[in-house]
Amino acid sequence: NQWRGSVYEYFRNDKLDANNPINKANGLPRSLLRQNQFGVTAGGYIVKDKIFVFGNYEGNRVREGTGAFGSNVPTAEQRAGILRYRDANDNPQVLNVGINRTSQAILRDFIPLPNTPTANSTLYLADGIQKIDEDAFSVRGDAYLSKKDIFSARYSYDNQRQFYPFDIFFVSASLPAFPFPNPEKRTSLAASYTRIFTSKLINEFRFGLNYQENPIPSGTTIDPASIG
């Protein structure tokens, strides 16, 4: 029959971390990391010895470097239609092919040049910033209707907005022209009623409802009609 609560904050910061070996090997700086996870809780009685409530809120804000993701992309010569190869006798050959307007637009808008220092490299290393913004809360109430009847109910809601600068889940090419937003919303409702008939017979009725939204929109801002 008292009100109590708490406030908390958890944080991480890349200034306190060392660079990882993969970034070091590729000449990349330490990946960004900013995380703040914070919240508040409170609970107490509405009617003494009868009705009690508890609630909490939690927020999560993350800005984190993805680390190095590699993709093979055409070199400047290949983008111009110059293809180098070796024939069956291992002699170097050069083939000039025409690049049509649509292919040129795709290369211009979607495919970056290699960015690794190795000569004739076809590797593009992407290291972007992924973002997570999340807000969640829960509310619970317990009512002692009598010495033999107890009713409880809980409602929870979670709204998480994720954004990845390129698709790191489903494709082999991690390119900045294809960002991956991933919004998620979750709602949960639960209720129970407990009846004590005797010291040997108890009945509990439970009800639950869960709902989740996870639309995955296209993250690119490039109009497909612009490439022909």
Side-chain angles (χ1 to χ4, degrees), residues 1-18 20 30-67 127-170 179-197 199 201-219:
N1 291 305
Q2 293 181 339
W3 277 91
R4 297 184 182 274
S6 64
V7 177
Y8 60 91
E9 158 77 13
Y10 169 80
F11 86 98
R12 295 181 63 190
N13 192 299
D14 61 87
K15 301 300 183 184
L16 305 175
D17 298 338
N20 69 62
R30 179 172 46 194
S31 297
L32 175 75
L33 175 58
R34 302 283 192 277
Q35 179 177 358
N36 291 88
Q37 190 170 351
F38 51 90
V40 59
T41 68
Y45 71 95
I46 301 298
V47 179
K48 189 174 182 180
D49 296 326
K50 292 285 188 179
I51 302 176
F52 302 88
V53 295
F54 176 84
N56 81 292
Y57 162 81
E58 180 170 291
N60 192 22
R61 305 290 184 267
V62 180
R63 301 293 183 268
E64 182 176 7
T66 59
D127 184 13
I129 305 299
Q130 59 191 26
K131 305 174 184 179
I132 298 177
D133 293 321
E134 182 178 15
D135 297 284
F137 71 88
S138 294
V139 178
R140 175 183 172 126
D142 296 278
Y144 291 81
L145 306 176
S146 71
K147 291 184 178 181
K148 295 185 177 182
D149 299 277
I150 304 171
F151 177 77
S152 298
R154 174 191 54 79
Y155 176 78
S156 299
Y157 177 77
D158 183 10
N159 184 0
Q160 186 176 100
R161 290 86 65 197
Q162 304 175 38
F163 178 83
Y164 300 92
F166 40 79
D167 193 340
I168 65 175
F169 298 105
F170 306 118
F180 180 67
N182 186 32
E184 294 185 58
K185 293 181 181 180
R186 304 178 186 90
T187 301
S188 175
L189 175 66
S192 68
Y193 171 70
T194 304
R195 170 69 176 178
I196 303 173
F197 293 100
S199 60
L201 181 61
I202 299 176
N203 181 71
E204 183 178 22
F205 171 80
R206 293 183 179 181
F207 170 81
L209 177 65
N210 295 292
Y211 177 74
Q212 178 173 343
E213 295 180 37
N214 187 204
I216 303 179
S218 172

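Since we're looking at a predicted model, the values are computed, not measured. Because only heavy atoms are used, hydrogens play no part in the values below, and waters and symmetry mates are left out as well, while side chains stay in.
- Side chains of Arg63 and Asp133 form a contact here, defined as non-hydrogen atoms less than 4.5 Å apart.
- The closest side-chain heavy-atom distance from Leu33 to Asn13 is not below 4.5 Å.
- Under 3.5 Å, the side chains of Glu64 and Gln35 contain no donor-acceptor pair of N or O atoms.
- The salt bridge (Lys or Arg N to Asp or Glu O under 4.0 Å) pairs that include a residue from residues 32-56 are Asp14-Arg34, where partners are two or more places apart or lie in different chains.
- Trp3 places a side-chain N or O within donor-acceptor distance of the main-chain N or O of Tyr45, the cut-off being under 3.5 Å.
- To the nearest 0.5 angstrom, Ile132 atom CD1 is 6.5 Å from Asn60 atom CG.
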Could you walk me through whether Tyr193 and Phe207 pass side-chain contact (heavy atoms from CB on, under 4.5 Å), step by step?
CA-CA 9 Å; Tyr193 171 70; Phe207 170 81; over 6 Å; no
- How far apart are the C-alpha atoms of Glu184 and Gln162, what are their side-chain angles, what is the distance that settles it, and do they pass the side-chain contact (heavy atoms from CB on, under 4.5 Å) test? CA-CA 8 Å; Glu184 294 185 58; Gln162 304 175 38; 3.0 Å; yes
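- Under the 4.5 Å side-chain criterion, counting only non-hydrogen atoms from C-beta, Pro179 is in contact with Phe163.
- Taking 4.0 Å as the cut-off between side-chain N and carboxylate O, Arg140 and Asp142 count as a salt-bridged pair.
- Glu9 and Asn36 share a donor-acceptor pair across their side chains, judged by distance under 3.5 Å alone.
- Side chains of Ser188 and Arg186: a donor-acceptor N/O pair is absent below 3.5 angstrom, by distance only.
- Counting heavy atoms from C-beta outward, Glu134 and Asn159 have side chains that stay 4.5 Å or more apart.
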Evaluate the criterion salt bridge (charged side-chain N to carboxylate O under 4.0 Å, His left out) for residue pair Arg61 and Asp135; output intermediate values, then yes/no.
CA-CA 9 Å; Arg61 305 290 184 267; Asp135 297 284; 3.0 Å; yes
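- Rounded to the nearest 0.5 Å, atoms CG (Leu16) and CZ (Phe11) are 5.5 Å apart.
- The side-chain heavy atoms of Phe54 and Val139, taken from C-beta on, include no pair separated by under 4.5 Å.
- Between Ile129 and Tyr164 there is no side-chain heavy-atom pair separated by less than 4.5 Å.
- Atom OG of Ser192 is separated from atom CZ of Phe205 by 9.5 Å, given to the nearest 0.5 angstrom.
- Within a 6.0 Å sphere centred on OH of Tyr57, heavy atoms belonging to other residues, nucleotides or ligands number more than 12.
- The shortest heavy-atom contact between Ser156 and Ser138 is OG-OG, 2.8 Å.
- Judged purely by distance below 3.5 Å, without hydrogens or angles, the side chains of Gln37 and Tyr8 never pair a donor atom with an acceptor atom.
- Once rounded to the nearest 0.5 Å, the distance linking OH of Tyr144 with CD1 of Ile150 reads 5.0 Å.
- Annotation: the span from Thr187 atom OG1 to Glu213 atom CD amounts to 7.5 Å, rounded to 0.5 Å.
- Relative to the six-membered ring of Phe197, Arg195 meets both conditions, a distance below 6.0 Å and an angle of at most 45° to the axis.
- A donor-acceptor contact closer than 3.5 angstrom links the side chains of Asn214 and Asn182.
- A heavy-atom distance below 4.5 Å is not found between the side chains of Gln160 and Pro183.
- By the neighbour-count criterion of 12 heavy atoms within 6.0 Å, atom CZ of Arg12 is sparsely surrounded, having that number or fewer from other residues, nucleotides or ligands.
- Around atom CZ of Phe38, more than 12 heavy atoms belonging to other residues, nucleotides or ligands sit under 6.0 Å away.
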